[in-house]
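One structure below.
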Amino acid sequence: PLKQLTSHAQEIAAGDLKEKLIPGDSQDEIGHLYQAFNFMASQLAAQIAAMNAERSKLESVLTYMSDGVLIVDQDGNVSLINPAAERMFKVSKSQALERTVIEILRHHQLVELWEQCHETGIQKTLTLEISPSRMFMQVIASPLEQIMPGGTLMLFQDLTRLRQLESIRRDFVSNVSHELRTPLASLKALAETLQEGALEDPPAAQRFLTRMDIEIDTLTQMVQELLELSRIESGKVPLQNKIISPCTLLETVTERMRVQAERAKLTLSLECPEDISNVSVDPGRMEQVIVNLVHNAIKFTEPGGTITVSAKPEEDWVIFEIKDTGVGIAAKDLPRIFERFYKADRARSGGGTGLGLSIARHMVEAHGGRIWAESVQGKGSTFYIALPAHH
């Protein structure tokens with residue numbers, strides 16, 4: 001029995017925690033010893049199962065959290081790294097473990113933060129931008145003295161998106177303030193001029209009132225477009241899609257804009273193959289997008305120029321084109337023309353709000369499509385809208 005007990009003890013030590021049978025179901029001292037071993041094995045099995053469950057939870061948290069985590073031992077070697085940190089520092093887990101924190105972080109400010117925390121035993125925080133990726137992050141280094149003497153937990157929070165959103169918010173507030181200031185200042189000046197005696201000169205008073213009416217229309221248009229943009233971005237604009245021919249859509253637009261083009265001494269033409277696939281769109285919304293693009297083309301094309309509206313099939317897409325021979329857009333401005341309030345320059349702005357193209361982009365994307373532009377300054381521009389073909 002003692003030999004069997006020794007063998008079973010070795011099995012338990014090797015990790016086999018199954019309950020062992022008592023030889024002959026003995027109730028003597030050896031039987032009691034067997035029972036003690038069995039109880040110990042069952043307790044160990046329960047504790048190991050509980051530890052594995054906790055470990056699985058911890059691994060799941062570390063795997064799916066968006067913040068990067070590094071644990072550095074007292075010698076400066078990395079003993080744990082999660083997937084988010086692997087992505088941030090472009091290193092795999094196998095490459096990182098047991099290498100020094102200096103080799104993994106490769107940034108002197110991050111290494112200095114770890115050194116300060118390690119030497120002082122006090123939590124340290126740092127906010128910085130890492131080049132060349134332009135990643136903006138907050139790093140928190142915390143000592144792990146109680147559970148890992150000399151160890152340090154480093155938490156990396158990627159704040160790049162938050163910083164971009166904050167920048168967009170500041171730009172938006174600044175742009176709205178700027179765009180409102182001009183018509184309001186003009187209205188104020190016109191009102192003061194009328195109060196100071198211009199009312200006594202009926203022709204002049206009429207001119208001032210006409211100008212005030214124009215400024216009020218500008219303010220009204222801006223408020224309406226801001227509300228429209230807000231509704232589109234929040235998904236509160238229900239699309240009433242219909243299956244429609246691209247040619248029908250473009251014919252409606254060209255008929256609406258033909259008089260305006262003729263008044264500007266421009267040639268407006270339509271090119272659309274009859275066998276082109278249909279598209280599923282909200283006709284009213286998509287017509288407004290294309291009208292906006294044609295209106296811009298008319299505004300920025302010199303008399304005698306041409307504007308061509310066309311559609312063509314391309315694999316599973318229908319590509320709409322609005323091409324003009326106008327003043328064009330500078331290469332530096334082209335990537336930003338679909339931003340809210342962005343105007344390529346004051347000569348091109350023509351008093352618009354700078355919201356039309358932003359609304360167009362959001363509306364096209366709401367239809368599952370995309371919009372972009374190509375241009376050569378002085379030689380004209382072409383705006384493209386790609387919408388999924390409905391077969």
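Predicted model, so just to flag it, every value in this text is computed and none were measured. These values consider heavy atoms only, across backbone and side chains, with no hydrogens, waters or symmetry-generated copies.
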Please determine whether residues M286 and L270 belong to a single hydrophobic cluster, defined as Ile, Leu, Val, Met, Phe, Trp and Tyr linked transitively by side-chain heavy-atom distances below 4.5 Å.
yes
Heavy-atom side-chain proximity of T306 to L268 below 4.5 angstrom:
no
Looking only at side chains, do S381 and S375 share a donor and an acceptor under 3.5 Å apart?
yes
Spacing of CD1 belonging to I371 relative to CZ belonging to R361, to within rounding of 0.5 Å
9.5 Å
Kindly indicate whether the side chain of L144, heavy atoms from C-beta on, has any atom under 4.5 Å from the side chain of I71.
yes
Side-chain heavy-atom pair L105, F156 within 4.5 angstrom cut-off
yes
Quick one: do the S142 and Q123 side chains pair a donor with an acceptor below 3.5 Å?
yes
Any side-chain donor paired with an acceptor under 3.5 Å for Q95 and S92?
yes
Taking the side chain as everything from C-beta on, heavy atoms only, tell me whether L187 gets closer than 4.5 Å to L219.
yes
Measure the NZ-OG1 distance between K323 and T301 for me, rounded to the nearest 0.5 Å.
12.0 Å
Within a strict 4.5 Å, meaning less than it, do heavy atoms of the V309 and V294 side chains meet?
yes
Any donor-acceptor N or O pair under 3.5 Å, side chains S186, E215
yes
Show, in sequence, the C-alpha distance, side-chain angles and deciding distance for T308 and E321, and conclude whether the side-chain contact (heavy atoms from CB on, under 4.5 Å) test is met.
CA-CA 8 Å; T308 305; E321 293 184 11; over 6 Å; no
How far apart are the C-alpha atoms of S269 and I307, what are their side-chain angles, what is the distance that settles it, and do they pass the side-chain contact (heavy atoms from CB on, under 4.5 Å) test?
CA-CA 6 Å; S269 60; I307 297 168; over 6 Å; no
Any non-hydrogen side-chain atom of V72 less than 4.5 Å from a side-chain atom of N77?
no
Residues, nucleotides or ligands: over 12 heavy atoms within 6.0 Å of K124 NZ
yes
Pairwise distance OG1(T382) to CG(L293) - rounded to 0.5 angstrom
11.5 Å
With a 6.0 Å cut-off (strictly less than), is the heavy-atom count around CD of E112, excluding the residue itself, greater than 12?
yes
Are I130 and L110 close enough that some pair of their side-chain heavy atoms sits under 4.5 Å apart?
yes
Looking at side-chain heavy atoms only, is the closest gap between F383 and L357 below 4.5 Å?
yes
Using 0.5 Å steps for rounding, measure from the CD1 atom of I298 to the CD atom of Q260.
4.5 Å
CD1 of I104 to CZ of R99, rounded to nearest 0.5 Å, is 4.5 Å
Minimum heavy-atom distance I81-A85, with the two atoms named
CG1-CB, 3.6 Å
Charged N-O contact under 4.0 Å between K93 and E86:
no
Working to the nearest 0.5 angstrom, can you tell me the gap between I140 CD1 and M154 CE?
10.5 Å
For the CD atom on E192, are there more than 12 heavy atoms of other groups (residues, nucleotides or ligands in this structure) within a distance under 6.0 Å?
yes
What about I147 and V69, same hydrophobic cluster or not, with Ile/Leu/Val/Met/Phe/Trp/Tyr joined at side-chain heavy-atom distances under 4.5 Å?
yes
Quick check with a 6.0 Å cut-off and a 45 degree axis cone: is R163 positioned over the face of F136's six-membered ring?
yes
Under 3.5 Å, is there a donor-acceptor pair between the T100 and E103 side chains?
yes
Would you please test E59 and S56 for side-chain hydrogen bond (donor to acceptor under 3.5 Å, both in side chains) and show each step?
CA-CA 5 Å; E59 286 180 349; S56 296; 5.2 Å; no
